[in-house]
Amino acid sequence: MKNIIEKVYKASVIEENIYKFWEDNNFFKFNENSKKKVYTIVLPPPNITGALHMGHALNFTLQDIVARYKRMTGYEILWIPGTDHAALSTEAKVVEMLRKKGTSKTEIGYEKFMQECLAWKNKYGNKITEQIRKLGASCDWSLERFTLDEGCSKAVNEFFVRLYNKKLIYRGKRIVNWCPNCNTSISDIEVDFKESESELVYLKYFFSDNNNFLTVATTRPETIFGDVAIAVNPEDERYKNFIGQEVTVPISNHKIKVIADNYVDKSFGTGVLKVTPAHDFADFEIGQRHNLENINIINKDGTLNKKCGNYSRLKTFEARKIIINELESKNLLVKREKIKNNVGKCSRCDCIIESLISTQWFLKMQSLAKPAIKVVENKNISFVPERFSKIYMHWMNNIKDWCISRQIWWGHRIPAYYCKDCNHITVSPNKINFCEKCKSKNISQDGDSLDTWFSSALWPFSVLGWPEIQEKFLRCYPTDLVITGYDIIFFWIARMIFSSIELTGEIPFKNVVIHGLVRDAQGRKMSKSLGNGIDPIEIISKYGVDALRLTLVMGLTLGNDTRFSEKKIEGSRNFINKIWNAARFLKITNENILPKIEFNNLSIYDKWMLNKLNNTIQEVQKNMEKFEFGMAIQKIYSLFWDDFCDWYIEFSKIDFKNNLSNLNTCCYILCEILKILHSFIPVVTEKIWNFFNNNALTVSNYPEFNNKFNYAQDSKNVENIIEIIHAIRTKRNEMNTPHNKKINIFIATKSEDLIIKNSDKIKKLANIENIYINKKSSSDNVLTCALEFASINIPVGDLINQDELNLKLKKELEELKARISKNENLLQNKEFIEKAPSSIIKNIKNNLDSDKKRYFILNKKIN
RNA sequence: GGGAGCAUAGCUCAGUUGGUUAGAGCGCUUGCUUUACACGCAAGAGGUCACAGGUUCGAGUCCUGUUGUUCCCACCA
């Protein structure tokens with residue numbers, strides 16, 4: 001064995017086998033017959049486009065930490081993996097691929113195109129599921145799903161039909177966001193408003209019956225062809241008299257009326273607004289209010305249409321420049337000025353969004369939002385951190401109808417059929433071949449597909465077999481947890497909530513845990529355009545998945561962004577190597593070592609360590625229940641490194657020699673720490689566990705807090721020994737005496753017994769030749785260290801600069817003095833004594849006593 | 001325009017319901033091949049907790065305001 005365990009932990013070699021070991025043994029498989037309580041986690045299915053990024057790594061790490069923790073604390077875990085068909089993104093990728101091959105989607109046709117997309121899914125979807133495994137995610141692969149598989153499609157159709165029948169889904173000709181590049185409508189939340197430099201141009205609209213004109217300011221002069229009115233605020237004294245009069249649109253020369261509408265801001269521009277209902281959401285509403293015509297002047301490819309005369313076929317932004325020139329040359333321009341305004345861009349391709357009128361399917365939101373607000377208000381669903389519920393609430397309270405149809409092929413085809421004979425629309429979950437009204441066979445299915453989030457919204461229950469109500473659904477729904485980034489609260493979380501309430505009558509999950517973004521070392525968002533993305537899979541092959549997971553979760557605060565850097569991951573790797581070596585040390589010390597507490601043979605050091613472990617288990621468990629992962633791992637880290645390695649193993653080494661009983665206890669403690677570490681760093685812990693156990697760590701039981709490990713007095717004694725050793729080491733350093741040089745010390749103490757009994761430890765860890773207890777040092781030239789229960793004197797030769805030392809002592813004395821008087825004042829303060837809890841008062845009294853003792857000794861020494 | 005987050009050591013960040021002398025990792029200084037680990041060990045330096053008020057016996061933590069910064073939402077053409 002000695003030769004087998006490498007001195008440095010080699011992650012890549014070991015990781016390959018461990019996940020396979022878990023999977024082959026079905027450890028992550030949901031057991032329907034289990035009597036355990038079920039804990040269900042909703043896994044956010046990654047897109048099948050591209051590879052997993054750092055955000056996924058964080059997301060899966062957090063989910064897996066919970067899954068493994070819950071599994072070890074006795075739950076039956078249901079965690080169903082899957083992928084999302086990512087309608088628009090995938091279609092764009094496949095279209096691009098076809099373009100490179102010299103063909104196109106229209107050329108190959110619908111069926112063939114869908115096959116191409118499916119081929120893409122099979123290729124890249126599998127790559128992604130492999131990567132999820134690499135991240136160590138302990139999900140049940142036998143239940144893997146895809147948002148476009150048969151079951152999900154069935155759920156989607158059912159959803160559509162039910163809501164259509166309730167008149168919550170409707171088809172209408174309305175203004176929508178149109179991406180000329182993706183060539184489809186998109187929903188409001190897929191538009192990002194970005195500040196950009198624009199030009200505000202002031203145009204003259206002449207009155208029909210005189211030579212006066214009104215000046216209108218606009219950033220989009222090319223849309224004048226679609227003007228149907230100009231609007232002023234009814235309260236605006238400047239323009240009151242013009243309301244109802246007729247003006248001529250410049251260049252276009254069609255006549256429109258001046259109308260009054262409260263929407264118009266008197267202070268912006270000239271206070272006169274041109275109304276173009278077909279190409280502006282606000283104008284659309286004005287148009288509705290005043291019963292105005294919608295003149296669509298923009299084609300779906302972002303060019304002006306034939307209503308624009310000479311300007312037709314030009315891109316809107318090209319036409320704009322030329323129109324401004326023409327206006328200028330015809331003296332129809334008053335002025336131009338640079339302004340900053342928000343321009344809507346497509347969140348997927350960053351192309352400028354056109355607003356235009358189009359026939360689309362919409363989901364009516366008002367009535368769906370109400371119960372979705374209530375369940376969060378009532379805390380049936382809790383957001384962690386809490387503040388995200390406010391963001392959710394605000395959005396839900398101001399929600400608008402959701403445009404759910406997309407002019408693309410890859411996705412769930414809209415289950416609506418149009419009758420060419422009677423114009424009736426039949427909406428059906430199954431394919432039909434005749435009109436439900438006139439029975440004509442002359443029907444065709446809607447060519448559009450549904451927004452990808454329409455199917456994601458059903459994910460928590462569609463993966464449980466809904467619309468059929470199966471045993472699994474009854475047992476596992478509502479689910480317990482979903483973890484996701486704050487960037488998809490609206491896209492996904494909100495939509496799952498209202499869909500679930502509407503369709504199942506239940507909330508989809510009880511807890512929504514929100515994490516932030518993973519940024520680069522400089523705090524920048526990782527992005528393709530910046531080229532600063534770090535591939536988690538590359539990091540895994542270099543440092544191992546445990547190191548990656550540890551880095552992502554160390555110091556993490558939920559909801560806040562976190563930075564990832566090479567430096568950080570080195571630290572994590574070092575920690576993992578430390579665990580590896582501690583285990584290696586125990587194993588090579590005695591091959592027959594077993595994780596077993598030898599209660600008859602416990603030293604005070606064992607008891608001290610068990611006591612610490614026990615307390616940490618309790619604290620960590622509290623943190624885990626509250627999803628405080630960063631805090632939990634911090635405590636385990638410190639327990640392992642600072643307490644277990646730096647003190648406990650070092651103490652134990654002295655007793656080890658051939659004492660297997662002592663080693664076994666040490667091994668037991670290590671294995672308990674492995675258990676609480678396992679959910680964070682599953683691979684290395686499983687591997688090490690394997691040194692000492694025949695079973696699998698991943699299905700072992702999480703340790704529980706136990707009062708029998710409350711060894712208060714022994715622990716206190718060990719703390720005192722540690723304090724002595726630490727004090728000596730510090731003094732040694734002040735004396736410039738290296739650790740490898742033995743020294744003698746004199747200790748004055750009332751705890752003579754304790755020190756005698758543990759002198760071997762003190763001698764070893766502080767490298768002492770002789771300890772003289774309660775004897776006077778022959779030399780007067782000594783360094784003094786005053787502890788609460790002992791005073792240590794170290795004889796020194798002429799090695800030491802006495803002045804420097806006195807300076808230090810004086811500084812310490814000053815500090816002591818200040819603290820003593822502060823605490824004395826505090827204890828004399830009546831209000832403090834009355835109001836402060838007794839434990840605080842007691843602590844202050846204790847501190848005061850020990851400070852006074854130290855002060856006394858040091859003061860004596862210095863004078 | 002509305003809302004939210006952040007501001008703590010040189011850097012990156014923790015800090016749970018207010019409670020002794022505010023923590024970690026990295027970096028830095030000094031020393032060390034001490035029977036696992038130099039991806040290590042030991043010791044150390046380094047902080048008016050952004051600023052100004054307030055509540056309280058007691059404030060990094062609660063309240064009000066200010067400044068800086070990041071983000072989200074919103075139809076200023």
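Letters go in sequence order (proteins before strands), and every chain restarts at 1.
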Under 3.5 Å, is there an N or O donor on one side and an acceptor on the other linking the side chain of [X] and the base of [N]?
X	N	answer
A:Glu628	B:A14	no
A:Lys653	B:A36	yes
A:Lys578	B:C37	yes
A:Tyr263	B:C75	yes

In whole Å, I'd like the distance from the [atom1] atom of [X] to the [atom2] atom of [N].
X	N	atom1	atom2	result
A:Lys742	B:G31	NZ	P	22 Å
A:Asn342	B:G2	CG	C1'	14 Å
A:Ile794	B:A43	CD1	C1'	13 Å

Write down the distance separating the [atom1] atoms in [N] and [M], rounded off to the nearest Å.
N	M	atom1	value
B:G2	B:C76	P	14 Å
B:A59	B:G19	P	11 Å
B:U66	B:C28	C1'	36 Å
B:U17	B:A74	C1'	37 Å
B:G27	B:G44	C1'	14 Å
B:U61	B:A14	C1'	14 Å
B:C71	B:A24	C1'	27 Å
B:U67	B:C51	C1'	7 Å

Short side-chain N/O contact to [N] OP1/OP2 from [X], under 4.0 Å:
X	N	value
A:Lys340	B:C76	no
A:Arg563	B:U12	yes
A:His394	B:A4	no
A:Trp580	B:G40	no
A:His279	B:C75	no
A:Asn574	B:G40	yes
A:Asn397	B:C73	no
A:Thr219	B:A77	no

Are [X] and [Y] close enough that a side-chain donor and a side-chain acceptor fall under 3.5 Å?
X	Y	answer
A:Asp561	A:Tyr486	yes
A:Thr316	A:Glu354	yes
A:Asn233	A:Asp261	no
A:Asp227	A:Thr276	yes

What nucleic acid atoms does [X] come within less than 4.0 Å of, heavy atoms only: base, sugar-phosphate, or nothing?
X	answer
A:Phe268	base
A:Gly555	sugar-phosphate
A:Asn829	sugar-phosphate
A:Arg729	sugar-phosphate
A:Lys835	base
A:Lys274	nothing
A:Asn398	nothing
A:Ile391	nothing
A:Lys400	sugar-phosphate
A:Asn623	base
A:Thr562	nothing
A:Glu650	base
A:Asp283	nothing
A:Met631	base

With both distances under 3.5 angstrom, what nucleotide forms a Watson-Crick or G-U wobble pair with [N]?
N	answer
B:U48	none
B:U21	none
B:G40	B:C32
B:C62	B:G54
B:C71	B:G3

Before accepting this row, confirm whether a basic side-chain N of the pair [X]/[Y] lies closer than 4.0 Å to the acidic partner's carboxylate O.
X	Y	result
A:Asp236	A:Lys266	no
A:Lys763	A:Glu769	no
A:Glu570	A:Lys542	no
A:Lys622	A:Glu619	no

Could you pick out which residue, A:Lys626 or A:Leu200, lies toward the 5' side of RNA chain B when each is mapped onto its nearest nucleotide?
->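 Looking at the nearest nucleotide for each, A:Lys626 comes out on the 5' side.
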Tell me which of A:Gly559 and A:Tyr9 sits closer to the 5' end of RNA chain B, going by the nucleotide each one is nearest to.
->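 The 5'-side residue here is A:Gly559.
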Just compare [options] and give me whichever is closest to any side-chain atom of [X].
X	options	answer
A:Thr557	B:C37, B:G44, B:C13	B:C13
A:Arg387	B:U35, B:A14, B:A4	B:A4
A:Lys635	B:A14, B:U16, B:U35	B:U16
A:Asn560	B:C41, B:A14, B:C75	B:A14
A:Val264	B:A36, B:U21, B:A77	B:A77
A:His726	B:G40, B:G44, B:U21	B:G44
A:Asp265	B:A24, B:A77, B:U21	B:A77

Is it the case that A:Lys764 places NZ or CZ above or below the six-membered ring of A:Phe651, under 6.0 angstrom from the centre and within 45 degrees of the axis?
-> no
Can you find a heavy atom in the side chain of A:Tyr392 that is under 4.5 Å from one in the side chain of A:Phe490?
-> no
